[in-house]
Amino acid sequence: MSRPGRWTGPARAATVRHDARRPEDTMSETPHRYTAQMAQQIELAWQDRWQEEGTFHAPNPAGPWAEPEKVGDREKLLVLDMFPYPSGAGLHVGHPLGYIATDVFARYHRMTGKNVLHCLGYDAFGLPAEQYAVQTGQHPRKTTEANMVVMKRQLRRLGLGHDDRRTIATIDPDYYTWTQWIFLQIFNSWYDADAVRPDGGVGRARPIDELVQEFASGARPVPGGADWVSLSPLERSAVLDDFRLAYTSEAPVNWAPGLGTVLSNEEVTNDGRSERGNYPVFKTNLRQWMMRITAYADRLADDLDRVDWPDKVKAMQRNWIGRSQGARVAFPVVGHDASIEVFTTRPDTLFGATFMVLAPEHPLVESLAPAGGWPEGTNAAWTAGEPSPQAAVAAYRLAASRKSEIERQTEGKDKTGVFTGAFATNPVNGQQVPVFVADYVLMGYGTGAIMAVPAQDERDWDFAAKYELPVVRTVQPSEGHPEDQAFTGEGAAINSSNDEVSLDGMAVAEAKATIIDWLSAKGLGEGTVSYKLRDWLFSRQRYWGEPFPIVFDEDGVAHAVPDSMLPVELPDVPDYSPKTFDPDDSSSQPEPPLGRVQEWVDVELDLGDGRGVRKYRRETNTMPNWAGSCWYYLRYLDPANHDAFVDPANEAYWMGPQAAPVAGAPEGAKDPGGVDLYIGGVEHAVLHLLYARFWHKVLHDLGHVSSEEPFRKYFSQGYIQAPAYRDHRGQPVEASEVVEVPDHSGGESSYTWQGQPVTREFGKIGKSLKNVVSPDEMCEQYGADTLRVYEMSMGPLELSKPWETRAVVGAQRFLQRLWRNVVDEETGEVRVVDAPLDDATARALHRTIDAVSRDFPTLGFNTAIARLIELNNALTKLDAVPREAAEKLVVMVAPLAPHIAEELWSRLGHEETVTYAPFPVADPALLVEDTVTCVVQVKGKVRDRLEVPADISEDALREQVLALPKIQAATEGGIRTVIVRAPKLVNVVPL
RNA sequence: GCGCAAGUGGCGGAAUCGGCAGACGCGCCAGGUUUAGGUCCUGGUGCCUUCGGGCGUGCGGGUUCAAGUCCCGCCUUGCGCACCA
């Protein structure tokens, strides 16, 4: 290796010159020390150079930016962070944690020769952006764009190696053109549950035109039995709405008057409030846009097996989808045409069903209750003191409708209900069982009705106990099971036979299968699957979102705006604020702000459908902010493409399925493809991550993308918490103004704010706890490289950990020592020597290379930094640092602290950026030691140590150890055994 | 209540297979540089100790020559779900 011995700065290098130093440094004896000011100059200079040279531009194989010669046969790597919302408050030090981690990972892989795509855009539509605008009295476009400028500056200051050409924002018409286009793809599709997919699975999205053709030709019967040709456009539209993947329906939706908009189930907390703003949410019947995500429930659940995600997040998604196997069984109502359909996961316990329960909202409830008084012999406890079943049911339903979700919950396990006065027939044994209404059965799950089996279900047991209902055990409880409790475990079926079928003696699984077969054969029921997942409510009564590319004709039929007319631009309006109401006014109705813009709403268009120019009304709802984040990662791949949302070749290159499936995938699983590494917070586990998977699968079915999953590997990073302080009233006080008072007797420090004592806690960084630490102030006080190294050294990425500003100096000292190993602090000269490495240094260097190149790909940045510090400290102790060691160390530090690495790399005589310098490779010969310290134990406790050759034989080692004086002394009474694990350990066990 | 994850120095955290517990950093202690403070540098730093050693990875048991690591029971904290039939 031949390098200039002295730095001769290349003309274009960003290298800081002597004359750039600050006045106070000229007074000092170490004017060339790596200080915060020095770091600042270096960092800004290199950020400029990166931008000028397009250092992080990733070549595409196809599309407008095609550079196939630069792509070559390099392996690709797509590394992304979750789409950030450009907050008006700016970033705090918790935000960049993930961004820095992906950057280190991306930079490391560039040094291994991969074609790495890493970039970041802005999720700029949506409620928070709009609320911020309303608060500040400015148009959301203005505030959002201003926020993006601030955030871009903050991110740039951190030295993130993003391909800046690919920075997109959801609010750009060029972007939301394609969001609307994808919406129309979904609108114009239906889910054919019987269609065979190329991968052999069953069920996929197909164009709606194909369905229309099948209806028209008679190949597929029109639901309801009508003849397609004779249906009116409105009737056809209604039929298709039952098939489309995006459709309007009149259904109970989540209405938050305080927010002025409806919300999806995923945006409502389980205590019935809005996730954003914590407003009460009410169920109201409204015509709204829905997405048929339920069609994909199975694939969304199954395909989790093929992605590399945290188990916790997979569990959360599976839980949300809530798939359970069971059976539907019909119970005919006595003296009535109707049957009550129930869903049960325990059809094996049918013989133990002793009563039934309907949800208060169940449509049959009203007609079930017989006119007149209570049936003969009705238990007084069942009547709630009402004179008749109809009165009792009406009173109960009214009471239930007035209860909020919270009330239903806080009432806990105390079951309430009333008898409807009706009986139904248990199909397996002909027994007539009473039918109740009770709010422990939920309308939103299964069929909204259950068969109650108190012997095998705790909830039913509680209800039966309270209302004195019979209990029939149909599963033999295990020995010692209390008599007064339901038995939900495994056991042999008992009391379960009729003239045709007997389950007695069967285990649960066999009994289920047997009874389902019998029910199916008799036409009384069938095996089925039930899901918790509901269709996705997709409209919002908000201004700041993508307009729907939909117009309604005078009959009220929805029509897609033709692709050629996209985008449907969001009109600029003077009044963009949503109409909000008293948060508790459940009778209020949403009013979309776009509805106020008459001249935008009423249009005359030729949709190109042969009907010529006609009058239409535009859809005035807007899309939820999830729309933009459902596909942004695809746009990164080809942001300048005007012919397609992404060129298929670019999608296949960056995201296509890989040869080998992820670790842990089932045997023989096909790889789904997707982003190679996706890092973001776990708060999106069932929102963004589920919605994006759904859209991706639709796009896959329609042939637009080759990958089946958007995010092949997802990693959820922990949060950074910061100390927060409260005064005696419990009010947070400004954390930066708190003074620590050390306890001199060795106890814990106490804290004061403006002289008064305050208590400390650790919490989420933010305005509400007044504990914001901004990356800007860290960059100013220490430099971006120091901030990066500190954040990456705090601990494992997945853990939440406390921020400690005073500990940041440790990272700075490391970089300062690194600098000093290369640059003379007094003269600024490069001080490395062109001398060969001594043996110890060579070994230390290669051990570090080995460890670090195992840590970087597994996101073990904290341990990588520890090893780099060790090596750096070892070099510090040498009289002079050999060039080879310095250069390799600089290259290894570059992913973590890229600016100082670039500067040192340049001063060491390299003209090219260090970004693509090859990562050092460890020499295996230098990883094996000649001699090893052997630990000598007596009964498992360390008693001595011994330097031995690494290749020593077991016998020789045993002999040497037994000859040691300490061992001799310890084994005077004789030896029971000697365990030898050559060369590292010998354990002697005396008698 | 159910499910999952985690409990290691004063603090953040290290520790492929069961094989030297506490890497690295903060803090703290001592020394050096400095008029002084800070910065910076060097060294030390689990606890106890009669200086032999003893005790130590939430608690109690077990397996093993050997346990932070494996098994059983419990406690605590965090997260998720929460009448889902």
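Naming convention: chains lettered A, B, ... in sequence-line order (proteins, then strands); numbering from 1 in each chain.
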Which nucleotide in the set [options] lies at the smallest distance from any side-chain heavy atom of [X]?
X: A/Pro796; options: B/A14, B/C20, B/C26; value: B/A14
X: A/Val942; options: B/A21, B/C40, B/C65; value: B/A21
X: A/Ala807; options: B/C26, B/G13, B/G80; value: B/C26
X: A/Glu870; options: B/C83, B/C24, B/G12; value: B/C24
X: A/Ala866; options: B/A23, B/C41, B/A85; value: B/A23
X: A/Arg817; options: B/G25, B/A82, B/A85; value: B/G25
X: A/Thr863; options: B/C41, B/G54, B/A15; value: B/A15
X: A/Val441; options: B/C20, B/A85, B/C26; value: B/A85
X: A/Asn319; options: B/C40, B/C81, B/A66; value: B/C81
X: A/Val935; options: B/G12, B/C79, B/C20; value: B/C20

Does any N or O in the side chain of A/Arg788 come within less than 3.5 Å of the main-chain N or O of A/Ala897, such that one atom is a donor and the other an acceptor?
no

Along RNA chain B (nearest heavy atom to each residue), the more 5'-positioned of A/Val809 and A/Asp460:
A/Val809

Closer to the 5' end of RNA chain B via nearest nucleotide, is it A/Glu804 or A/Ala449?
A/Glu804

Go ahead and name the base partner of [N]; Watson-Crick or wobble counts if both distances stay under 3.5 Å, otherwise write none.
N: B/C2; value: B/G80
N: B/G38; value: none
N: B/C26; value: B/G10
N: B/G73; value: B/C59
N: B/A66; value: none
N: B/U50; value: none
N: B/U33; value: none

Does either side chain, that of A/Thr474 or that of A/Gln456, offer a donor lying less than 3.5 Å from an acceptor on the other one?
yes

Check: A/Thr528/A/Glu526 side-chain N/O donor and acceptor closer than 3.5 Å
no

Ring centroid separation for A/Tyr467 and A/Phe355, is it under 6.0 angstrom?
no

Assess the pair A/Tyr790 and A/Tyr782: is the distance between their ring centroids shorter than 6.0 Å?
no

Any [X] side-chain nitrogen or oxygen under 4.0 Å from OP1 or OP2 of [N]:
X: A/Asn987; N: B/U64; answer: no
X: A/Arg318; N: B/C4; answer: no
X: A/Asn862; N: B/A14; answer: yes
X: A/Ser324; N: B/A85; answer: yes
X: A/Arg806; N: B/C11; answer: no

Is any side-chain N or O of [X] under 3.5 Å from a base N or O of [N], one able to act as donor and the other as acceptor?
X: A/Lys415; N: B/C83; result: yes
X: A/Arg976; N: B/C65; result: no
X: A/Gln937; N: B/G19; result: yes

Quantified in whole Å, what is the [atom1] atom distance between nucleotide [N] and nucleotide [M]?
N: B/G38; M: B/A30; atom1: P; answer: 12 Å
N: B/G19; M: B/U57; atom1: P; answer: 16 Å
N: B/G27; M: B/G78; atom1: C1'; answer: 26 Å
N: B/A15; M: B/G22; atom1: C1'; answer: 8 Å

What is the distance from CZ of A/Arg813 to P of B/C26, rounded to the nearest Å?
5 Å

Syn/anti label of B/G52 as read from its glycosidic torsion, with the cut at 90° from 0:
syn

Can we say A/Arg847 and A/Glu929 salt-bridge, meaning some charged N sits less than 4.0 Å from an Asp/Glu carboxylate O?
yes

So does A/Arg843 pair up with A/Asp850, basic N to acidic O under 4.0 Å?
no

Would you classify A/Ile979 as touching base, sugar-phosphate or nothing, given that sugar-phosphate means primed atoms plus P, OP1 and OP2, and contacts are heavy atoms under 4.0 Å?
base

